[in-house]
Amino acid sequence: MDVTSAMCAHGHEQVVLVADPPSGLRAVIAVHSTALGPSLGGVRFWTYASDADAIQDALALSEAMTWKASIAGLHQGGGKAVVLLDDLDAAHDEAMLRALGRAIDELGGRYLAAEDVGATTADMELLATVTPWVTGVSETLGGSGDPSPVTAWGVLVAMRAGLAARDGPDATLAGRRVAIQGAGKVGGHLAQLVAEAGGQVLIADRREDRADAVARSCGGQPISADEILSVACDVLAPCALGGVLNDATVPRLGCRVVCGAANNQLAGPAVDEALDRRGIVYIPDFVASAGGIINLAEEFTGYSRARALARTATI
């Protein structure tokens with residue numbers, strides 16, 4: 001992989017490769033832009049087939065964070081860290097997290113860490129013992145805690161906007177079928193919010209037990225991961241990993257609106273045109289999922305959950 005050419009193609013400022021043999025840490029930290037402020041983005045714990053795949057993911061995710069912060073009017077840029085794991089289900093070793101914290105600290109505030117896939121509030125709190133450049137610690141420690149509930153709230157208000165664009169200003173979620181791909185932290189919270197708004201929840205996850213649990217909690221219906229994209233519904237909410245909308249999947253989509261929290265949902269720049277040809281309204285992922293970064297930005301002025309929710313509602 002020609003890393004510097006890939007960076008130049010999308011305007012990245014810095015990529016840091018991190019290895020700590022004693023703890024086994026292998027990570028990539030990507031800083032896309034600091035034009036509006038320090039780069040802010042989550043730490044993703046994931047398995048990758050190669051280092052090149054991990055770097056590519058960090059580049060794409062950090063760029064998406066720039067657009068997300070910019071369109072939300074925040075004084076932050078976009079960054080991302082990915083930690084390469086051999087086993088997703090293994091506990092995050094304290095020594096590994098401390099090594100990651102040291103690597104973040106060496107950037108001197110150019111990158112601010114937060115939660116992403118696989119990360120927890122406890123992980124952020126351990127990182128915060130090593131470096132001050134961490135967001136998303138618990139409210140008892142002066143932070144905002146898990147950003148997932150606010151992210152989900154932002155997706156819900158974006159869904160309402162998408163339905164209004166499709167069906168007119170009086171459109172609501174009541175009686176609508178909403179298919180949620182991914183029953184993780186954001187997907188789980190979103191399912192509850194959709195159900196409370198009167199929508200019918202269909203939910204799928206690569207871990208069927210997790211989808212079953214969320215469905216039971218909100219009165220929804222679990223369906224298979226293979227079926228979620230083609231099931232007949234009003235709204236498809238991708239809340240898992242990116243690239244789910246591509247040349248193969250768009251022709252079989254069963255939705256009228258796409259609005260979800262997953263980053264980089266479009267596999268390529270032409271996919272939006274394919275959605276348009278099918279008459280499917282697409283809410284850009286970096287708009288729909290901006291609630292998380294809006295929530296984290298509130299930490300810099302003295303955290304208020306009410307203020308974070310109100311600002312997220314402007315999505």
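Starting from 1, each residue takes its place in the sequence as its number. Remember, predicted model here, so these are calculated numbers, not experimental data. Note: hydrogens, waters and symmetry copies are ignored here, and every other heavy atom, side chains too, is used.
A salt bridge links E94 to R98: one of the charged nitrogens lies within less than 4.0 Å of a carboxylate oxygen.
For the residue pair E299 and S144, a side-chain donor N or O sits within less than 3.5 Å of a side-chain acceptor on the partner. Of the N and O atoms on the side chains of D226 and S224, not one donor lies less than 3.5 Å from an acceptor on the other residue. For the 3.5 Å distance criterion, the side chains of S304 and E298 fail to qualify, holding no donor opposite an acceptor. Side-chain contact of D276 with Y282: a donor-acceptor pair under 3.5 Å is absent, judged by distance alone.
Using cut-offs of 30° and 60° on the angle between ring planes, the pair H32 and W67 is perpendicular.
Other residues, nucleotides and ligands contribute more than 12 heavy atoms inside 6.0 Å of the CG atom of D2. No more than 12 heavy atoms of other residues, nucleotides or ligands sit less than 6.0 Å from atom CD of E208. Crowding of D247 atom CG: a count of heavy atoms from other residues, nucleotides or ligands under 6.0 Å not exceeding 12.
Legend: side chain to side chain donor-acceptor pair (under 3.5 Å) pairs involving residues 177-192, not counting sequence neighbours, sorted by first then second residue: E115-K185, Q192-S217. Among residues at least two apart or in separate chains, there is no ring pair (Phe, Tyr, Trp, His ring centres under 6.0 Å) pair with a member in residues 125-161. Residue pairs meeting the salt bridge (charged side-chain N to carboxylate O under 4.0 Å, His left out) criterion with at least one partner in residues 60-82, sequence neighbours excluded, are K80-D116. Pairs of residues two or more places apart, or lying in two chains, that qualify as salt bridge (charged side-chain N to carboxylate O under 4.0 Å, His left out) and include a residue from residues 230-242 are R176-D234, D234-R256. The stretch residues 196-207 participates, sequence neighbours left out, in these side chain to side chain donor-acceptor pair (under 3.5 Å) pairs: D205-R210.
The closest side-chain heavy-atom distance from L127 to V137 is not below 4.5 Å.
Under the 3.5 Å distance criterion, the side-chain polar atoms of S39 are matched with a main-chain donor or acceptor of R110.
Every side-chain contact (heavy atoms from CB on, under 4.5 Å) that A213 has, sequence neighbours left out, goes to R216.
Cluster annotation: L40 and I29 are assigned to the same hydrophobic cluster (Ile/Leu/Val/Met/Phe/Trp/Tyr, side-chain heavy-atom contacts under 4.5 Å, transitive). L309 is connected to L190 through a chain of hydrophobic side-chain contacts under 4.5 Å among Ile, Leu, Val, Met, Phe, Trp and Tyr, so both are in one cluster.
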